[in-house]
Every structure is written in structure tokens, then in C-alpha cells.
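All of these numbers come straight from a predicted model, not from anything done at the bench. To find a chain, count down the sequence lines: A is the first, B the second, and so on, and within it residues start at 1.
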Number of protein chains: 2
Amino acid sequence: MPDAPCVARMTPRRAFTREGEEARRAALIAATLDLIAEGGPQAATVRAIALRAGVTQGLIRHYFASKEELTAAAHEALMTELTEASAARLDQMSDTHAGRLAKFVADAVSPPVTAPRAVSLWAASMHLVARDPHMRAVHEATYLAFRDRLERLIRDALAEAGRFTGDSRDLAIAANALLDGLWIEAGALPELFSPKQLKSIAIKVLSRLLQISLPEV
Amino acid sequence: MPDAPCVARMTPRRAFTREGEEARRAALIAATLDLIAEGGPQAATVRAIALRAGVTQGLIRHYFASKEELTAAAHEALMTELTEASAARLDQMSDTHAGRLAKFVADAVSPPVTAPRAVSLWAASMHLVARDPHMRAVHEATYLAFRDRLERLIRDALAEAGRFTGDSRDLAIAANALLDGLWIEAGALPELFSPKQLKSIAIKVLSRLLQISLPEV
DNA sequence: GCGGTAATTATGCAAACGTATAATTTCAAA
DNA sequence: TTTGAAATTATACGTTTGCATAATTACCGC
């Protein structure tokens, strides 16, 4: 289909309101992420993004120099979203370190951001990350931040039980892998796992691995 | 750039040989997978695929009714490739069940198919899988086959040590998640992990989890 | 050697893509 | 109320995409 009619206008121009830069950027980023999550990178065309965001495609160019720039902004927003989803919850409640660890682990395999969307977006980001150095840096930093948090929680929980280990790093890597694996499999094959099941497996396995009693949450 | 010159031919038609259906299909599928692994689904255009496979684009339509059909064939080939990569190795060597389990686990986090390529392809497949029911079925079957194999190995290894457990299913899910997580993280951030480190973590953690002594391999 | 068949190349086409730019409309300041 | 700048829409352009079809050429059976 050609882009637009080539004749004189009959209908009036569509009305619009000025929402301001921040709101528009956020809307465009949200639209981009939604489309990628639903249909992969291919689905996030400038026209589809504009439609989803409730604007016309020209506006994209007004706020982002290129589609690539919008994509990068969307990736960064996703990483922030994922990080904050776990960071926010951690600071609240639980008196014991074991309790905090259990809560953290349980949250990681529960729908914070609903799993299929997050996993789908994460998968899409892989290809971008592979080539763009800046995206790669953001990705790596996000991973390491999560892992470091996990390592600290593990060390604290062990210390609480009077145990000290030299390989908390390796334990954190493994625990992180376990959580990622569960998260991804649940996202890829949602009907194969119930949220409750995931949580219980994660807690059970981790407590056995650390030889610590972790409370159900 | 327009597709092709619009004038009379000066240069002779490029020479070709008839390779036969099987070879051509395989070449086209391989080219598709390579391109997707390198540049994501967007990179696998019919023209790029044809170029990579050493043919012209018309031939694609001759062997596949549509690009979608080629994509589906490529996905199925990938799943087979991944499955066979682990199946082949399992049948060889090791006298004890613990040894076989250790070997299986070590292979799962080593480059059989080199990790970044496999992980990249796996990520790309997520979006296809989400919408196409047939692809979804293939994906699920592949996952379950791997997990079942793992479960059997775990049960055998435990039995060998005189232990019997009712939750070998959950252990298999967790072990599978651990392996997937390590595999994916190594593929996404290759410079953060050495192959040796991955192997040692996987073995160490699994032996601690199962409370079985697993040999290094 | 010699056709004839089908594998393969060459070319064309409409739609969709990202980008560029001109034309309008909103809204706040004056 | 008017006006001017910025936000937004509308349109256009050149490329690339997937698909279709016509033109050629390799190769097998005779």
C-alpha cells in the first residue's frame, strides 16, 4: 500500500494535544517494548510504534534521531525496569537474612513484570546486545548488579547460620543461573509450570544447595 | 537499489550445477541459521540467504513455498541439531552412572555447537515459537526430551549411591534450569566465563545439590 | 550425440520499510 | 487577542523486502 493519499485533503487534520517531551518519549518506548514482546523485533516498525503510541510516525523522528536510537532507549528502559522490579521489593520486610534471600529468590521466579513479556524482550535484546557495545555494557552491568546482590544475600544468610564460605561467588553464579533458567523456561513454556511450583522448586533447591533452611514465602 | 539491470544482458548467465533437492534444502537451511545467529531474524532476508547459500533467490521459492516455511524448517533443524549434540555424546563411555551424569552436565555447558551461536538462535526462536503452534510443539518436545534424560541420569546416579528420592522430577527441572542458565549467560556474556569455570561450577553445584560425589571430566 | 525435463537464473512488481521535509495546529507568553 | 515558536500531522522519496514469472541451462535417458 502506498504511504498516503496523493490527492487533495478532504478530511480535516486529526486533532492533537501537546503532551510534552517526557510523556511522548515514554509512550514511544513503551509502545516499542510492547510490540517487540508481542511480535519480535520485526513487529516494531516505525508505523506500528506510532500507531500503538497514539501518534503519527513523524513524531518519532522528532524525538529520536533514528529508529536505532529509539531501540537503544527502549533497551535501556527495559533493563532499568527489570532491575527496579527486584530492587524495590528487596528493601521491604523480613527480619532474617535467610528470609530476605528466600523473598528475593521467590520474587525472581514470580511475575513481577509478567514472565512471557519479559523473557520475550530479553530474547529480542540478545541480538542487539551482540553488536552494540553500549547496549552490551548496559546488559552486563545489569547482570552483574543482580548477581552481586544475590551473592551478598547468600553470604549474609550463611553467616547468619554461623557458616562462612570462600566460594560465594560461584554459588551466586549458580544460583543466578538457576533463577534465570527457571525464569526463562517458565516464560518460554508457560503452561508447563505454575507460579507456585516454580517458587517451591527454587526455594527447595537453593536451601538444599546452601544447606540452609529457607522459609516458604 | 532496483532489483536488477533493466537493459539487455551483456554478461553471460552465471554457470551453475544441479546439486539436488536434499543438498540445496540443507544449504538454504544452514544459511538461514547462520544469518539469524549473526544478525537476528532481520538479517535473514531471502536475498541474504540465497547469497550465503551460493544460489540466487529464485531457488528459495523453488524449494520452499514461502519464507515462513523455510524459517520453520530451519527451526526444526536447529532443534534436531541441539538434541543430537547431547544425545550423541551420552552413549559413549563412562562406567558409573555418576560418571555419565557428570559427562552429560559438562557437555551441556561446553561448546558442542559453539555457545554464542546456539544461544543467539535459541533467542531468535522464542518469537516464532510464541505464535506458531507447530514450532511450539517441537520446542516443547525438545525441552522435555532433554529434561527426561536428565531425570533418568539423576535417578540412576542416586540409586547407584543407594539413595532413592520421590522428587527426581523437581531435581531434574532445577538441574535443567541450572544448565540452561549457565549456557545462556555464557552465550550472552562470553568473556565473563571460561569454559573450564562453567564446567567446574556445574559439576560442583550439582554434586552438592544431589549430595553425590561427581567426578571432574 | 540429442532432446526434454526440471533445476536454476534473471527480471519484474507491489507493498512496506526508514527517513526526510513541508504543512498545519496547539499553546503559552505578550 | 494576537502571535510566534514548537509540537504534531501529512505527504513524499528512495530502498529493501517477499513473491511471481519468464528466460535459460545443466544433465539424464535414449
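- Going from atom CG of Leu70(A) over to atom C1' of dC17(C) covers 15 Å, rounded to whole Å.
- Side-chain N or O atoms of Arg61(B) include one that pairs as donor or acceptor with a backbone N or O of Ala65(B) at under 3.5 Å.
- Nucleotide dT9(C) holds its C1' atom 11 Å from the CZ atom of Arg24(B), rounded to whole Å.
- Residue Glu19(B) is classed as a sugar-phosphate contact, given heavy-atom separations below 4.0 Å to backbone atoms only.
- Using a distance-only test at 3.5 Å, with no hydrogens or angles considered, a donor-acceptor pair links the side chain of Arg131(A) to the main chain of Glu38(B).
- Distance check: Leu128(B) CG to Glu68(B) CD gives 9.0 Å after rounding to the nearest 0.5 Å.
- A donor-acceptor contact shorter than 3.5 Å is absent between the side chain of Lys199(B) and the backbone of Asp107(B).
- The distance between atom CG of Leu59(B) and atom C1' of dC19(D), rounded to the nearest whole Å, is 15 Å.
- Taking atom CD1 of Ile60(B) as the reference point, atom P of dA10(C) lies 14 Å away to the nearest angstrom.
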- Item | Worked verdict on Arg14(A) versus Thr56(A) for side-chain contact (heavy atoms from CB on, under 4.5 Å) | CA-CA 10 Å; Arg14(A) 68 185 265 184; Thr56(A) 57; 3.7 Å; yes
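- If Thr56(A) and Ser66(B) are placed on DNA chain D by their nearest nucleotide, the residue sitting closer to the 5' end is Thr56(A).
- Taking only distance into account, the side chain of Arg13(A) meets the base of dT9(D) through a donor-acceptor pair shorter than 3.5 Å.
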- Audit row: Glu19(A), Thr17(A), side chain to side chain donor-acceptor pair (under 3.5 Å) steps and yes/no: CA-CA 6 Å; Glu19(A) 300 290 349; Thr17(A) 61; 2.8 Å; yes
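- In this structure, His62(A) does not reach the dT8(D) phosphate: none of its side-chain N or O atoms is under 4.0 Å from OP1 or OP2.
- For the pair Arg25(A) and Phe64(A), the cation-pi criterion (under 6.0 Å, within 45° of the ring axis) is fulfilled.
- dA20(D) atom P lies 15 Å from atom NZ of Lys67(B), rounded to whole Å.
- The distance from atom CD of Glu21(A) to atom P of dT8(D) is 10 Å, rounded to the nearest whole Å.
- Straight-line distance from the CG atom of Leu51(A) to the P atom of dA16(C): 14 Å, rounded to whole Å.
- One can place CD of Glu68(A) at 12 Å from C1' of dG18(C), the figure rounded to the nearest angstrom.
- For Arg61(A), the side-chain atoms get nearest to dA20(C) when compared with the rest of dG18(C), dT8(D), dA20(C).
- The residue Tyr63(A) sits close only to the backbone: its heavy atoms come under 4.0 Å of sugar-phosphate atoms, none of a base.
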Atom pairs under 3.5 Å, N or O on each side, protein against nucleotides 26-28 of chain D: can you list them with distances?
| from | atom 1 | to | atom 2 | distance (Å) |
| --- | --- | --- | --- | --- |
| dA26(D) | N1 | Arg18(B) | NH2 | 3.4 |
| dA26(D) | N3 | Arg18(B) | NE | 3.2 |
| dA26(D) | N3 | Arg18(B) | NH1 | 3.4 |
| dA26(D) | N3 | Arg18(B) | NH2 | 2.2 |
| dC27(D) | OP1 | Arg18(B) | N | 3.4 |

